[in-house]
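To start, the structure under review is shown below, and the notes come after it.
So that the names make sense, note that chain A is the first sequence line, chain B the second, and so on, each numbered from 1.
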Number of protein chains: 2
Amino acid sequence: MTHNTAPPDELTFWSFVDYAVQKAERELPSVNAEAMRMVLTLNRATSMVVYDLESSVHRPRGWTWPGFRVLFALWLAGPMEAKTTAEISGMSRAALSALLNTLERDGLITRERATHDRRALQLSLSEAGYGAILGVFRAHNRRESAWAQALEPEERRELVRLLNKLMAGSTDAEAKFRN
Amino acid sequence: MTHNTAPPDELTFWSFVDYAVQKAERELPSVNAEAMRMVLTLNRATSMVVYDLESSVHRPRGWTWPGFRVLFALWLAGPMEAKTTAEISGMSRAALSALLNTLERDGLITRERATHDRRALQLSLSEAGYGAILGVFRAHNRRESAWAQALEPEERRELVRLLNKLMAGSTDAEAKFRN
DNA sequence: CCCAGATGATCAAACGTTTGATGAATCTGA
DNA sequence: TCAGATTCATCAAACGTTTGATCATCTGGG
């Protein structure tokens, strides 16, 4: 730290982005400050939304966000191979395997060997899982709505467009993804 | 599922958002589809960015993303109380406590009892931590830059504006945050 | 037909996170 | 002054995730 600048008295989750970007720019002239600000802000916003949804909707019902994602996928797309579930719910095969132990123990899903390929696993929602997902999703979506209200309809569409563009551009960046 | 619609042959991480939103709208007319799409897209984009940064920058160096966040905060804001570190790096006090065990074991930080309040903890970057953070941050920022290039400068600013507005609106939504 | 290589799932160890409980230090107010 | 309440940190148990290894099952080329 060559140019030492005292941090503001009160450094908070909110104010840290501005502080960090400005400080990094001073310390490291070669830094890409705009990229830094974008990634920092993206992460903070998402972590706030996730924390709120998880702690207000899922945990009180004895669920977790990842568990919900799996049940949600099975609910909407129907029974499918575990490989597909992992792909569309954005987790590795190993992570899903561990997660399924909990979901199976709680009687929410069914694991079955596939007939056409005895290595593969066929996943389905159990009766209990099917009975629970709708109510949980409704609560989840109500909370999503509360968040969405912070933006105008036009702004929501623009946000989605920008995020999609960001994801699409990732292939150019040769980003690393889940196998 | 009243109106059963077969999922497309190939359901991927990318295509699932569209599929899920459309299907949910058919199944549940009362759903707020735009809110659902926004939250789903926000999470996918962020998880791609985080996975890429973690697997291409931090894990290969024996670090983790949360560990980096703590070291980054200490680097930019200087020695501070653990409470502040938890606040600005977005984790609970308990999570930080556990994380510090690893960082301390690896010789990257120093835990010290505060003099003015013997309950409080004073955190500092160790010599080794100080020596390592700059290089890791440079690599991190290069990768951030690659992601940022997917958007035009004007779009990046707009994305940041929208995310900030989303975070600001959260208080209206009475969202739950970390104590 | 058979074997080498690919693929699907699980396991093991290490890690970070959550909630709820516990212990220690400080503060508050009668 | 001092007892009760508050605050800071840690602990414990349960969970989800990562990487790398292992085991079972298919698949394709000789």
Side-chain angles (χ1 to χ4, degrees), chain A residues 43 47-48 50-71 80-87 89-106 108-109 111-123 176-179, chain B residues 43 47-48 50-71 80-87 89-106 108-109 111-123 176-179:
Chain A
N43 270 288
S47 91
M48 286 181 71
V50 168
Y51 186 86
D52 172 57
L53 278 161
E54 180 138 31
S55 68
S56 73
V57 175
H58 300 299
R59 298 251 178 208
R61 289 169 171 79
W63 286 23
T64 62
W65 173 287
F68 170 74
R69 275 177 9 229
V70 166
L71 298 168
M80 66 182 107
E81 286 191 19
K83 200 194 167 185
T84 310
T85 311
E87 158 78 16
S89 53
M91 56 186 73
S92 73
R93 198 54 202 74
L96 178 60
S97 201
L99 183 49
L100 289 177
N101 291 332
T102 307
L103 297 178
E104 194 176 30
R105 185 205 60 195
D106 294 346
L108 297 167
I109 58 109
R111 258 199 261 230
E112 247 178 321
R113 221 79 225 178
T115 50
H116 58 91
D117 184 337
R118 280 175 305 165
R119 288 170 307 180
L121 214 57
Q122 186 76 7
L123 302 182
K176 281 195 180 179
F177 302 125
R178 239 171 273 285
N179 38 354
Chain B
N43 271 288
S47 91
M48 286 182 72
V50 168
Y51 185 85
D52 172 57
L53 278 161
E54 179 138 31
S55 68
S56 73
V57 175
H58 301 298
R59 298 252 179 207
R61 288 168 172 79
W63 286 23
T64 62
W65 173 285
F68 169 74
R69 278 181 2 233
V70 166
L71 298 168
M80 66 182 107
E81 285 190 20
K83 200 195 167 183
T84 310
T85 311
E87 158 77 17
S89 53
M91 56 186 74
S92 72
R93 197 56 203 74
L96 178 60
S97 200
L99 183 48
L100 289 177
N101 292 332
T102 307
L103 297 178
E104 194 175 31
R105 185 206 58 194
D106 294 346
L108 297 167
I109 58 109
R111 258 200 261 230
E112 248 178 322
R113 222 79 225 181
T115 51
H116 64 289
D117 183 338
R118 280 175 303 165
R119 289 170 305 181
L121 213 57
Q122 186 76 7
L123 302 182
K176 281 194 180 180
F177 302 126
R178 238 170 274 283
N179 32 357

Notebook entry, point to check: Within the distance-only criterion (no hydrogens, no angle test), does the side chain of B:Arg113 pair as donor or acceptor with the backbone N or O of B:Arg119 below 3.5 angstrom?
Noted result: yes

Send over the distance from [X] [atom1] to [N] [atom2], rounded to a whole Å.
X: B:Glu81; N: C:dT26; atom1: CD; atom2: C1'; value: 13 Å
X: A:Lys83; N: C:dA6; atom1: NZ; atom2: P; value: 15 Å
X: A:Gln122; N: C:dG8; atom1: CD; atom2: P; value: 14 Å
X: B:Glu54; N: C:dC15; atom1: CD; atom2: C1'; value: 10 Å
X: B:Leu121; N: C:dT26; atom1: CG; atom2: P; value: 14 Å
X: A:Arg113; N: D:dA24; atom1: CZ; atom2: C1'; value: 8 Å
X: B:Asn101; N: D:dT10; atom1: CG; atom2: P; value: 8 Å
X: B:His116; N: D:dT7; atom1: NE2; atom2: C1'; value: 12 Å

Notebook entry, point to check: So, for B:Met91 and B:Pro66, which heavy atoms are closest and what is the spacing to 0.1 Å?
Noted result: CE-O, 4.1 Å

Item checked: Residue B:Asp117, side-chain heavy atoms: nucleotide from C:dT7, C:dT10, C:dA25 that is nearest -> C:dA25

Does OP1 or OP2 of [N] have a side-chain N or O of [X] closer than 4.0 Å?
X: A:Arg118; N: D:dC26; value: yes
X: A:Arg105; N: D:dC15; value: yes
X: A:Arg93; N: C:dT10; value: yes

Item checked: Flag for A:Glu81-A:His116: side-chain donor and acceptor within less than 3.5 Å -> yes

Next item on the list: Under the side chain to side chain contact (heavy atoms under 4.5 Å, CB included) rule, what do A:Gln122 and A:Thr115 come out as? Steps first, then yes or no, please.
Entry: CA-CA 9 Å; A:Gln122 186 76 7; A:Thr115 50; over 6 Å; no

Notebook entry, point to check: How far apart are the C-alpha atoms of A:Glu87 and A:Leu96, what are their side-chain angles, what is the distance that settles it, and do they pass the side chain to side chain contact (heavy atoms under 4.5 Å, CB included) test?
Noted result: CA-CA 10 Å; A:Glu87 158 78 16; A:Leu96 178 60; over 6 Å; no

Notebook entry, point to check: Can you say whether the rings of A:Trp65 and A:His58 are parallel (under 30°), tilted (30 to 60°) or perpendicular (over 60°)?
Noted result: perpendicular

Item checked: Distance in Å, B:Leu121 CG paired with B:Thr84 OG1, rounded so as to fall on 0.5 Å steps -> 11.0 Å

Note to self: I'd like to know if A:Arg119 reaches the base of C:dT7 with its side chain such that a donor and an acceptor end up less than 3.5 angstrom apart.
What the structure shows: yes

Next item on the list: Going 5' to 3' through nucleotides 16-21 of chain D, assign each nucleotide B (protein heavy atom under 4.0 Å from a base atom), S (under 4.0 Å only from sugar-phosphate atoms) or - (no protein heavy atom that close).
Entry: SBBB--

